[in-house]
Amino acid sequence: CRRLPDPEPLMHGAVQSPQYPQPYSPNLQEQWDLSVPEGYQIQITFTHLDIEASTGCYYDALTLLYDAKILGKFCGQENSADGHHPGSQPIPSPGNRLTLIFQTDDNNPERHQNVGFSAQYQATDVDECSAPEPRDGSGPLCSQICLNTVGSYLCACHHGYELRPDQRSCVLSCGGGIFDELEGHLFSPGYPSPPPYAVSCQYIISVEPGFTVTLNFTDIFHIESTDTVQGPNCPHHWLQMTIPDREPIKLCGGKSPGQIVTNSNTVRLDYHTDDEGLSQGWSLDYSTHRVKCPFPGNMANGRVTPILTEYFYRDYIFVRCDQGYKLMMDGQEIEAFSTMCQSDEKWHLTLPKCHIIDCREPEPLLNGGVTFLSGFQNQYRSVVQYHCNEPFYTLLGGINVVFTCEADRKWRPNNDIIVSPTCIPVCGQPTKLIYAYQR
Amino acid sequence: IIGGSETPDYAIPWQVLLSRNGQRGGGMVIGDRWIMTAAHVVVVMGNPVSKETIRIYMGLTDVNIRLGSPVLASSVHVHPEYNNSNSVNFNHDIALIKMQDSVTFSSSIMPICLPAAGATYINGMMGLVSGFGITEIDDRRILTNKMNYVHLPVVTQETCSNSITLLKRTRNGVPSLTENMFCAGVPEGGKDSCQGDSGGPYSLREDGRFWAAGIVSWGIDCGKQGTYGVYTRVANYIDWINKTMQEN
């Protein structure tokens, strides 16, 4: 056999005496066990009740019980002087259950046929928070703040405290842990109230590399100290600031440290008090700044963009060469260059150089040659002139053919009409003539 | 060359020596891959000789000293109207030879200019004819290995025609003079081109440039009184020359 699950409690319902609205029978003993979900209580409202009236509802009666406690015993008719009629007002149950017992004796009055009762019931929310504290010494439902909800309740804690696992009592909170947002606010437990004794709280501010943390103590700063000639000594209460690779620093006294630039992306704060003395506490805002990369400097024959006064982590810069120059990196020409400021305060690529371009050797000229008029090594803006091997060849057209190395790395004629120089042979002009002087 | 002189180096750098089966002929450089000559130099018994048999020498004035390796022909182009199977019709005596390799010009090898279209041949104008053909030493005709040249004036068509007509009365098989020919020489004789000079240049000088007025073609004897050398009138063939070179 398998036990059937309990039926889901209803949120509302109706209950009537047997045969209602017909007169009920004698010798009845009927019972209804009503229930609604936990966290609710039942309210029952009688729409009609007509039960033989008697003193103390001795003969016929409808009895309402909650955990064997009688909430009421009803009989009679509405507005009648006899009996005990519930009226039309809702009757609440202390909990989510209600038992109705309808009991009749062995005879009914002949003149009036009583029809019994008809009632509606519904679940209503219980305000657990307003309930009195239990007498068993277990304490209040919530140690600090009780929030009533429909069908239930929640406990909450005041600022500086956190809810314990029992979900009802509160414990002092350090508010510690890891703070990885780029800005934030920290404070001592219970701040601005003095914390209880023997506090040991740890706060770690850790943001991603490339950012540095700056602490700014605001408002009250009061940590018990012993003043010495060298300054406050922190023998019992202290706030210790630890930055990686540096000596920890203990802070105490009544004077705020103000702003502390850590130059680190990680800072650990340990707040310690012993079980004596008094420290009112502290609070701080922290902010972060991106690390700075060195100024890229001026590029020879090129420029860096964008031009900023300072360059920070994740900033990009681009390098462009002036016209007639090309980007060179590790002996190789590159089409474009950009570099990013890294978290280690260095550019992820070293800056390239701008080298002057060259047009390579000019096209050779058959039966001629080329001479440099200006520039050298075929560099940008070099000017060359073509010539033919005279006197045996001459340039077609007979005009000077001058080419300039342009920014597109091509030799371009100064005169756009010329496509390419050509040497044509010189005819009929021997280098030696036959002379006859004898007459 | 009859009655001429040995040519100094670099004086006639367009002169070409053609050799075909031991026969000498002349030619002239007109381009870095083109030689112009007489058709009868490259046509034997009415048939063009094979290009492989033609040897081309340029840039020399003494065959003995600087013969060197010949340049080879890649194609031979005879004027399409040349028809001299009986050796009496020298009309259209012109041919072009294309060389396998181009030539770089220098003092020793230089092209001669082609005549302008409509160039005129003025009577009495002195021209320069040259070649490696027969010469005359002590009244004996010998084949020389040195380039010779001689200056000869242009003769009117009428004078030349009359001399040929006169000769035709006493000789058989004398070729006829056509408008595609002109004559050069002196009436008293003693100066002329001769066998072996055929195909060589007869040049006129104008504005400091020599131009190819004629191609040594034919004549009755050499240097004889009352006879003239007959030359192909190059100016009549400019269109054919340009067309042939462009198409090839």
Side-chain angles (χ1 to χ4, degrees), chain A residues 359-373 376 378 382-403 405 410-439, chain B residues 1 3-15 28-34 36 58-59 61 101-116 119 126-130 147-152 191 201-213 234 241 245:
Chain A
C359 292
R360 300 189 177 179
E361 290 292 328
E363 284 290 317
L365 177 61
L366 182 64
N367 298 312
V370 60
T371 51
F372 276 89
L373 296 183
F376 60 97
N378 308 315
S382 292
V383 180
V384 295
Q385 184 175 32
Y386 280 97
H387 64 268
C388 292
N389 294 337
E390 293 178 336
F392 310 107
Y393 295 90
T394 186
L395 273 168
L396 180 63
I399 55 172
N400 285 338
V401 182
V402 177
F403 280 67
C405 178
K410 289 183 176 153
W411 291 100
R412 302 230 175 251
N414 291 11
N415 184 344
D416 291 337
I417 298 168
I418 298 164
V419 177
S420 62
T422 305
C423 287
I424 55 168
V426 172
C427 66
Q429 284 188 313
T431 54
K432 188 169 185 179
L433 289 172
I434 299 167
Y435 293 106
Y437 299 103
Q438 184 176 313
R439 294 180 182 177
Chain B
I1 298 294
S5 308
E6 289 182 7
T7 308
D9 286 344
Y10 316 132
I12 307 177
W14 44 83
Q15 177 71 51
M28 66 197 91
V29 179
I30 60 168
D32 59 4
R33 294 188 72 158
W34 290 95
M36 186 164 68
M58 294 175 288
T61 54
D101 302 304
S102 65
V103 178
T104 300
F105 298 134
S106 62
S107 291
S108 58
I109 304 173
M110 175 182 275
I112 189 170
C113 304
L114 290 172
M126 294 301 287
L128 180 67
V129 62
S130 55
M147 190 202 304
N148 273 244
Y149 73 93
V150 67
H151 284 105
L152 294 172
K191 290 182 177 180
Y202 176 89
S203 58
L204 291 170
R205 192 163 182 237
E206 190 173 338
D207 296 333
R209 289 176 182 266
F210 288 91
W211 57 278
V234 178
I241 293 167
M245 289 198 295

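Quick note on labels: first sequence line is chain A, next is B, and so on, each numbered from 1. This structure is a prediction, so every number in the text was calculated from the model and none was measured.
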Please give me the minimum heavy-atom distance between [X] and [Y], naming the atom from each residue.
{"X": "B/M126", "Y": "B/Y202", "answer": "C-OH, 4.2 Å"}
{"X": "B/V234", "Y": "B/A212", "answer": "CB-O, 3.3 Å"}
{"X": "B/M110", "Y": "B/F105", "answer": "CA-CD2, 4.1 Å"}

Taking the side chain as everything from C-beta on, heavy atoms only, tell me whether [X] gets closer than 4.5 Å to [Y].
{"X": "B/Y10", "Y": "B/T61", "value": "no"}
{"X": "A/C405", "Y": "A/N378", "value": "no"}
{"X": "B/I30", "Y": "B/I112", "value": "yes"}
{"X": "B/S130", "Y": "B/P201", "value": "yes"}
{"X": "A/N367", "Y": "B/T104", "value": "yes"}
{"X": "B/M147", "Y": "B/I12", "value": "yes"}

Exercise for the section: Could you please state which residues from residues 424-435 of chain A sit under 4.5 angstrom from chain B, measuring non-hydrogen atom to non-hydrogen atom, sorted by number, or 'none'? Expected result: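 So far as heavy atoms go, A/P425, A/V426, A/C427, A/G428, A/Q429, A/P430, A/T431, A/K432, A/L433, A/I434 are the residues that approach chain B to under 4.5 Å.
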Problem - Within residues 385-395 of chain A, residues adjacent to chain B where the heavy-atom gap is under 4.5 Å - result: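 If one takes a 4.5 Å heavy-atom cut-off, the residues of residues 385-395 of chain A near chain B are A/P391, A/F392, A/Y393.
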Handout entry: Which of B/P8, B/S106, B/G208, B/S203 touches chain A most, by non-hydrogen pairs under 4.5 Å
Key =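 Winner by heavy-atom pair count: B/S106.
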Exercise for the section: List for me each residue that meets side chain to side chain contact (heavy atoms under 4.5 Å, CB included) alongside B/E6, sequence neighbours excluded, and say none if there are none. Expected result: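 In terms of side chain to side chain contact (heavy atoms under 4.5 Å, CB included), with neighbours along the sequence ignored, B/E6 is linked to B/K146, B/N148.
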Problem - For A/W411, ring-ring contact (aromatic ring centres under 6.0 Å, His included) partners two or more places apart - result: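 Scan of A/W411 (ring-ring contact (aromatic ring centres under 6.0 Å, His included), adjacent residues dropped) gives none.
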Exercise for the section: Give, as side chain, backbone, both or neither, the part of B/L128 having an atom under 4.5 angstrom from any heavy atom of chain A. Expected result: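 Looking at B/L128, just its side chain touches chain A.
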Exercise for the section: Please state whether the side chain, the backbone, both or neither of B/W14 comes within less than 4.5 Å of a heavy atom of chain A. Expected result: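 When you check distances to chain A, only side chain atoms of B/W14 fall under 4.5 Å.
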